[in-house]
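These notes are about the structure you will find just below.
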Amino acid sequence: MPAATLDLERVTPNVFTTTKLRGCNPSFVVTSDGVVVIDTPQLPTRAVAMRQEAETHGPIRYLINTENHVDHIFGNHWFRGAGEVVNHRALWEIFMDPGAALDPFAYAVEAIPTDDPDGAALLPDRDDYYADLPRGTVVFTGDLTLRVGDHTFHCLWTPGHTPGQLAVHVPEEGVVFTGDTIFSGCQTWLMTSNVDQWLEALERIRALEDVDHLVPGHGPVVTLDYVQTQRAVLLAWKAAVADAVAKGWTREETIARVRFDDAFGPVDVGQAYMMDHIQNNNAGSLWDKLTATGYAKGR
Ligand SMILES: [Zn+2]
(Lines give C-alpha, C1' and ligand atoms only; values in the text may rest on other atoms or scores of the structure.)
Protein backbone atom coordinates (compact mmCIF):
# COMPACT_ATOMS: atom_id res chain seq x y z
CA MET A 1 0.00 0.00 0.00
CA PRO A 2 1.48 3.42 -0.93
CA ALA A 3 2.00 5.90 1.90
CA ALA A 4 -1.19 7.86 2.52
CA THR A 5 -1.19 11.61 1.95
CA LEU A 6 -0.87 13.70 5.07
CA ASP A 7 -0.57 17.22 3.58
CA LEU A 8 1.87 18.06 6.36
CA GLU A 9 2.46 21.71 7.10
CA ARG A 10 5.72 22.88 8.67
CA VAL A 11 4.62 25.53 11.17
CA THR A 12 8.15 26.14 12.49
CA PRO A 13 11.37 24.22 11.72
CA ASN A 14 10.46 21.66 14.42
CA VAL A 15 6.65 21.74 14.41
CA PHE A 16 4.52 19.81 11.92
CA THR A 17 0.74 19.59 11.64
CA THR A 18 -1.93 18.79 9.11
CA THR A 19 -5.20 20.66 8.88
CA LYS A 20 -6.48 18.96 5.71
CA LEU A 21 -7.54 15.52 6.95
CA ARG A 22 -10.91 14.38 8.14
CA GLY A 23 -10.48 14.38 11.91
CA CYS A 24 -8.51 16.76 14.10
CA ASN A 25 -5.23 18.52 13.34
CA PRO A 26 -2.71 15.88 14.47
CA SER A 27 0.75 17.31 15.04
CA PHE A 28 4.28 16.50 16.16
CA VAL A 29 7.28 18.37 17.53
CA VAL A 30 10.86 17.32 16.83
CA THR A 31 13.30 17.72 19.74
CA SER A 32 16.98 16.89 20.21
CA ASP A 33 15.87 13.76 22.09
CA GLY A 34 13.03 12.38 20.02
CA VAL A 35 9.56 13.35 18.89
CA VAL A 36 6.41 14.37 20.79
CA VAL A 37 3.11 13.68 19.02
CA ILE A 38 0.01 15.73 19.85
CA ASP A 39 -3.24 13.95 18.89
CA THR A 40 -3.42 11.19 16.29
CA PRO A 41 -5.11 10.95 12.89
CA GLN A 42 -8.54 9.32 13.08
CA LEU A 43 -8.18 7.59 9.68
CA PRO A 44 -6.09 4.39 9.96
CA THR A 45 -3.86 4.87 6.90
CA ARG A 46 -3.13 8.46 7.97
CA ALA A 47 -2.27 7.34 11.50
CA VAL A 48 0.19 4.78 10.11
CA ALA A 49 1.65 7.40 7.75
CA MET A 50 2.04 10.01 10.49
CA ARG A 51 3.81 7.57 12.78
CA GLN A 52 6.20 6.67 9.97
CA GLU A 53 6.83 10.33 9.18
CA ALA A 54 7.35 11.27 12.84
CA GLU A 55 9.77 8.40 13.38
CA THR A 56 12.00 9.60 10.54
CA HIS A 57 12.91 12.44 12.95
CA GLY A 58 13.68 10.18 15.92
CA PRO A 59 11.91 7.88 18.34
CA ILE A 60 8.48 8.98 19.59
CA ARG A 61 8.89 9.78 23.28
CA TYR A 62 5.38 10.94 24.16
CA LEU A 63 1.93 11.05 22.60
CA ILE A 64 -0.25 13.71 24.22
CA ASN A 65 -4.04 13.71 23.63
CA THR A 66 -5.82 17.06 23.98
CA GLU A 67 -9.32 15.62 24.54
CA ASN A 68 -11.44 12.46 24.56
CA HIS A 69 -13.36 13.03 21.31
CA VAL A 70 -12.79 10.24 18.84
CA ASP A 71 -11.17 12.42 16.18
CA HIS A 72 -8.26 13.08 18.61
CA ILE A 73 -7.72 9.64 20.17
CA PHE A 74 -8.94 6.86 17.88
CA GLY A 75 -5.65 6.79 15.95
CA ASN A 76 -3.68 6.06 19.14
CA HIS A 77 -4.27 2.41 18.22
CA TRP A 78 -1.66 2.68 15.46
CA PHE A 79 0.90 4.33 17.77
CA ARG A 80 1.02 1.48 20.28
CA GLY A 81 4.58 0.87 21.46
CA ALA A 82 5.67 4.37 20.42
CA GLY A 83 6.36 6.17 23.70
CA GLU A 84 4.20 7.01 26.67
CA VAL A 85 0.61 8.17 26.13
CA VAL A 86 -0.11 11.30 28.19
CA ASN A 87 -3.73 11.89 29.25
CA HIS A 88 -5.41 14.16 31.73
CA ARG A 89 -7.28 11.96 34.21
CA ALA A 90 -10.64 13.45 33.17
CA LEU A 91 -9.87 12.37 29.58
CA TRP A 92 -8.49 8.96 30.57
CA GLU A 93 -11.64 8.10 32.50
CA ILE A 94 -13.87 8.51 29.42
CA PHE A 95 -11.40 7.36 26.72
CA MET A 96 -13.57 5.91 23.88
CA ASP A 97 -16.54 5.95 26.28
CA PRO A 98 -19.09 3.47 24.90
CA GLY A 99 -21.78 5.34 26.86
CA ALA A 100 -21.25 8.62 24.96
CA ALA A 101 -24.24 10.09 23.10
CA LEU A 102 -22.34 9.71 19.81
CA ASP A 103 -20.81 6.20 19.97
CA PRO A 104 -17.11 6.87 19.40
CA PHE A 105 -16.16 3.57 17.77
CA ALA A 106 -19.15 3.66 15.42
CA TYR A 107 -18.43 7.29 14.47
CA ALA A 108 -14.79 6.47 13.70
CA VAL A 109 -15.76 3.46 11.58
CA GLU A 110 -18.41 5.50 9.74
CA ALA A 111 -15.66 7.59 8.12
CA ILE A 112 -13.73 4.65 6.65
CA PRO A 113 -15.70 3.80 3.45
CA THR A 114 -15.82 7.40 2.24
CA ASP A 115 -12.59 8.87 3.59
CA ASP A 116 -10.16 5.96 3.98
CA PRO A 117 -11.24 2.81 2.09
CA ASP A 118 -7.73 1.34 2.38
CA GLY A 119 -8.02 1.80 6.14
CA ALA A 120 -10.64 -0.95 6.39
CA ALA A 121 -7.90 -3.60 6.24
CA LEU A 122 -6.11 -1.98 9.20
CA LEU A 123 -9.17 -1.67 11.41
CA PRO A 124 -9.43 -3.94 14.46
CA ASP A 125 -12.89 -5.14 15.39
CA ARG A 126 -14.63 -3.43 18.25
CA ASP A 127 -13.84 -6.08 20.87
CA ASP A 128 -10.15 -6.12 19.98
CA TYR A 129 -9.98 -2.32 20.14
CA TYR A 130 -11.58 -2.22 23.57
CA ALA A 131 -9.53 -5.20 24.84
CA ASP A 132 -6.34 -3.19 24.37
CA LEU A 133 -7.50 0.41 24.82
CA PRO A 134 -4.66 2.72 23.70
CA ARG A 135 -5.14 5.25 26.46
CA GLY A 136 -2.80 7.07 28.83
CA THR A 137 0.18 5.47 30.51
CA VAL A 138 1.02 8.82 32.11
CA VAL A 139 -2.15 10.15 33.75
CA PHE A 140 -2.32 13.37 35.75
CA THR A 141 -4.60 16.01 37.23
CA GLY A 142 -4.09 19.78 36.98
CA ASP A 143 -1.20 20.74 34.68
CA LEU A 144 1.88 18.75 33.68
CA THR A 145 5.21 19.94 32.29
CA LEU A 146 7.38 17.58 30.25
CA ARG A 147 10.98 18.33 29.33
CA VAL A 148 12.18 16.48 26.23
CA GLY A 149 15.61 17.32 24.82
CA ASP A 150 15.77 21.12 24.70
CA HIS A 151 12.00 21.54 24.55
CA THR A 152 9.35 22.21 27.18
CA PHE A 153 5.79 20.92 26.86
CA HIS A 154 3.42 22.70 29.20
CA CYS A 155 0.25 20.59 29.25
CA LEU A 156 -2.30 23.10 30.52
CA TRP A 157 -5.61 21.83 31.83
CA THR A 158 -8.17 23.97 29.99
CA PRO A 159 -11.54 22.28 30.55
CA GLY A 160 -14.65 23.56 28.78
CA HIS A 161 -14.98 21.91 25.38
CA THR A 162 -14.43 18.62 27.26
CA PRO A 163 -13.63 17.95 30.94
CA GLY A 164 -10.10 16.66 30.32
CA GLN A 165 -9.17 19.28 27.72
CA LEU A 166 -5.48 20.20 27.35
CA ALA A 167 -3.60 22.95 25.58
CA VAL A 168 0.07 22.17 24.91
CA HIS A 169 2.35 25.20 24.97
CA VAL A 170 5.85 24.81 23.57
CA PRO A 171 7.58 28.13 24.33
CA GLU A 172 10.82 27.29 22.48
CA GLU A 173 8.80 27.14 19.24
CA GLY A 174 6.36 29.94 20.02
CA VAL A 175 3.50 27.49 19.44
CA VAL A 176 0.41 26.48 21.39
CA PHE A 177 -1.71 23.48 20.40
CA THR A 178 -5.18 24.23 21.76
CA GLY A 179 -7.16 21.17 20.72
CA ASP A 180 -10.83 22.02 20.24
CA THR A 181 -10.75 25.00 22.58
CA ILE A 182 -10.26 26.66 19.19
CA PHE A 183 -12.10 25.77 15.97
CA SER A 184 -10.71 28.16 13.36
CA GLY A 185 -12.96 29.07 10.44
CA CYS A 186 -15.32 26.14 10.99
CA GLN A 187 -18.30 25.16 13.12
CA THR A 188 -17.79 24.74 16.89
CA TRP A 189 -19.10 21.58 18.60
CA LEU A 190 -20.64 22.55 21.94
CA MET A 191 -22.67 19.55 23.03
CA THR A 192 -20.33 17.96 25.57
CA SER A 193 -19.17 21.35 26.78
CA ASN A 194 -19.31 23.71 29.71
CA VAL A 195 -19.30 27.06 27.91
CA ASP A 196 -18.45 29.12 31.00
CA GLN A 197 -15.38 27.00 31.71
CA TRP A 198 -14.51 27.20 28.03
CA LEU A 199 -14.53 31.02 28.19
CA GLU A 200 -12.10 30.80 31.14
CA ALA A 201 -9.90 28.42 29.15
CA LEU A 202 -9.74 30.98 26.33
CA GLU A 203 -8.49 33.61 28.78
CA ARG A 204 -5.78 31.25 30.00
CA ILE A 205 -4.61 30.71 26.42
CA ARG A 206 -4.86 34.41 25.60
CA ALA A 207 -2.52 35.18 28.52
CA LEU A 208 0.32 33.01 27.16
CA GLU A 209 3.40 34.98 26.17
CA ASP A 210 5.48 34.72 23.02
CA VAL A 211 3.02 32.65 21.00
CA ASP A 212 3.51 33.15 17.25
CA HIS A 213 1.34 30.26 16.05
CA LEU A 214 -1.85 28.76 17.45
CA VAL A 215 -2.54 25.24 16.14
CA PRO A 216 -6.30 24.70 16.65
CA GLY A 217 -8.12 21.39 16.97
CA HIS A 218 -9.77 22.04 13.61
CA GLY A 219 -9.22 24.53 10.79
CA PRO A 220 -6.17 26.49 9.68
CA VAL A 221 -3.26 27.52 11.91
CA VAL A 222 -3.90 31.03 13.24
CA THR A 223 -2.37 33.57 15.62
CA LEU A 224 -3.19 34.10 19.28
CA ASP A 225 -5.68 36.87 18.55
CA TYR A 226 -8.05 34.24 17.12
CA VAL A 227 -9.00 33.61 20.76
CA GLN A 228 -11.20 36.70 20.45
CA THR A 229 -13.10 35.23 17.49
CA GLN A 230 -13.72 31.94 19.30
CA ARG A 231 -14.91 33.87 22.34
CA ALA A 232 -17.41 35.75 20.16
CA VAL A 233 -18.75 32.44 18.77
CA LEU A 234 -19.32 31.02 22.26
CA LEU A 235 -20.95 34.22 23.46
CA ALA A 236 -23.23 34.39 20.41
CA TRP A 237 -24.47 30.84 20.94
CA LYS A 238 -25.01 31.38 24.64
CA ALA A 239 -26.79 34.72 24.17
CA ALA A 240 -29.09 33.36 21.45
CA VAL A 241 -30.16 30.37 23.54
CA ALA A 242 -30.49 32.48 26.70
CA ASP A 243 -32.77 34.80 24.72
CA ALA A 244 -34.84 31.81 23.57
CA VAL A 245 -35.19 30.61 27.16
CA ALA A 246 -36.19 34.11 28.28
CA LYS A 247 -38.92 34.14 25.60
CA GLY A 248 -40.23 30.85 26.93
CA TRP A 249 -39.37 28.83 23.80
CA THR A 250 -39.44 25.07 24.26
CA ARG A 251 -36.38 22.95 23.52
CA GLU A 252 -37.86 22.05 20.13
CA GLU A 253 -38.64 25.67 19.24
CA THR A 254 -35.14 26.70 20.24
CA ILE A 255 -33.53 24.00 18.09
CA ALA A 256 -35.71 25.00 15.15
CA ARG A 257 -34.98 28.73 15.40
CA VAL A 258 -31.45 29.13 16.78
CA ARG A 259 -28.94 28.20 14.11
CA PHE A 260 -25.59 29.52 12.95
CA ASP A 261 -25.07 27.50 9.76
CA ASP A 262 -23.85 30.46 7.74
CA ALA A 263 -22.42 32.76 10.39
CA PHE A 264 -19.65 30.49 11.63
CA GLY A 265 -18.41 28.80 8.51
CA PRO A 266 -18.57 25.27 7.14
CA VAL A 267 -18.12 22.06 9.12
CA ASP A 268 -14.50 20.89 9.14
CA VAL A 269 -13.16 18.55 6.43
CA GLY A 270 -15.32 15.56 5.53
CA GLN A 271 -18.14 16.19 7.99
CA ALA A 272 -20.46 18.56 6.10
CA TYR A 273 -23.25 16.03 6.61
CA MET A 274 -23.02 16.69 10.37
CA MET A 275 -24.22 20.33 10.07
CA ASP A 276 -27.73 19.58 11.37
CA HIS A 277 -26.33 17.37 14.12
CA ILE A 278 -24.09 20.23 15.28
CA GLN A 279 -26.76 22.96 15.08
CA ASN A 280 -29.44 20.86 16.79
CA ASN A 281 -27.20 19.53 19.54
CA ASN A 282 -25.46 22.84 20.20
CA ALA A 283 -28.81 24.56 20.69
CA GLY A 284 -30.41 21.64 22.55
CA SER A 285 -27.51 21.09 24.97
CA LEU A 286 -27.29 24.81 25.77
CA TRP A 287 -31.06 24.93 26.31
CA ASP A 288 -30.74 22.00 28.75
CA LYS A 289 -27.99 23.75 30.69
CA LEU A 290 -29.64 27.17 30.76
CA THR A 291 -32.95 25.76 31.96
CA ALA A 292 -31.44 23.42 34.56
CA THR A 293 -32.41 24.26 38.12
CA GLY A 294 -29.82 26.41 39.83
CA TYR A 295 -27.98 27.41 36.68
CA ALA A 296 -28.62 31.12 37.19
CA LYS A 297 -27.34 31.03 40.77
CA GLY A 298 -24.42 28.70 40.16
CA ARG A 299 -22.32 28.71 37.04
ZN1 LIG B 1 -12.06 17.58 17.44
Side-chain angles (χ1 to χ4, degrees), residues 6-7 9 17-28 37-44 46-47 50 63-77 79 87-88 90-92 94-97 100-111 115-116 134-135 155-168 176-195 197-198 201-202 205 214-222 226-227 229-230 233-234 237 264-275 277-279 281-282 285:
L6 286 172
D7 282 320
E9 173 181 348
T17 191
T18 172
T19 66
K20 305 248 168 52
L21 301 181
R22 173 164 180 173
C24 71
N25 292 339
S27 308
F28 62 87
V37 175
I38 299 161
D39 288 336
T40 50
Q42 166 187 338
L43 303 175
R46 307 313 194 279
M50 181 167 271
L63 156 55
I64 305 168
N65 293 121
T66 61
E67 66 178 74
N68 66 290
H69 287 162
V70 69
D71 51 318
H72 300 255
I73 62 174
F74 186 68
N76 285 18
H77 177 80
F79 284 76
N87 288 167
H88 192 274
L91 183 165
W92 186 86
I94 53 173
F95 192 101
M96 293 294 288
D97 178 10
L102 190 62
D103 180 81
F105 193 86
Y107 189 58
V109 170
E110 186 178 305
D115 293 80
D116 193 18
R135 64 177 173 176
C155 302
L156 307 173
W157 185 41
T158 44
H161 175 65
T162 65
Q165 198 74 29
L166 295 181
V168 182
V176 62
F177 303 87
T178 65
D180 291 1
T181 300
I182 300 284
F183 287 79
S184 83
C186 56
Q187 290 284 333
T188 297
W189 295 53
L190 293 174
M191 45 290 231
T192 62
S193 306
N194 178 319
V195 171
Q197 283 186 343
W198 191 338
L202 288 174
I205 290 166
L214 185 159
V215 179
H218 296 269
V221 176
V222 288
Y226 196 87
V227 166
T229 304
Q230 185 68 62
V233 170
L234 297 183
W237 267 109
F264 299 144
V267 183
D268 192 29
V269 182
Q271 297 179 91
Y273 71 100
M274 295 299 279
M275 180 65 95
H277 177 90
I278 295 169
Q279 300 302 322
N281 285 285
N282 280 3
S285 65

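Worth knowing before you read on, the calculation uses all heavy atoms, side chains too, and leaves out hydrogens, waters and symmetry mates. Whatever order the structure lists them in is the order used to number ligands and atoms, beginning at 1. For reference, positions follow the sequence shown, starting with 1.
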With a 6.0 Å cut-off (strictly less than), is the heavy-atom count around CH2 of W157, excluding the residue itself, greater than 12? no
Please assess D97 against N68 for the test side chain to side chain donor-acceptor pair (under 3.5 Å), listing each intermediate value before the final yes or no. CA-CA 8 Å; D97 178 10; N68 66 290; over 6 Å; no
Could you tell me whether R46 sits above the aromatic face of F74, with NZ or CZ closer than 6.0 angstrom to the six-membered ring centre and within 45 degrees of the axis? no
Under-2.8 Å neighbours of the Zn ion (ligand 1), protein N/O/S atoms only: 4
Grab the two heavy atoms, one from I182 and one from P216, that are nearest each other, plus how far apart they are. O-CB, 3.4 Å
Indicate whether the side chain of Q42 and that of Y107 have a donor and an acceptor atom separated by less than 3.5 Å. no
Partner set under ring-ring contact (aromatic ring centres under 6.0 Å, His included) for H72, not counting sequence neighbours: H218
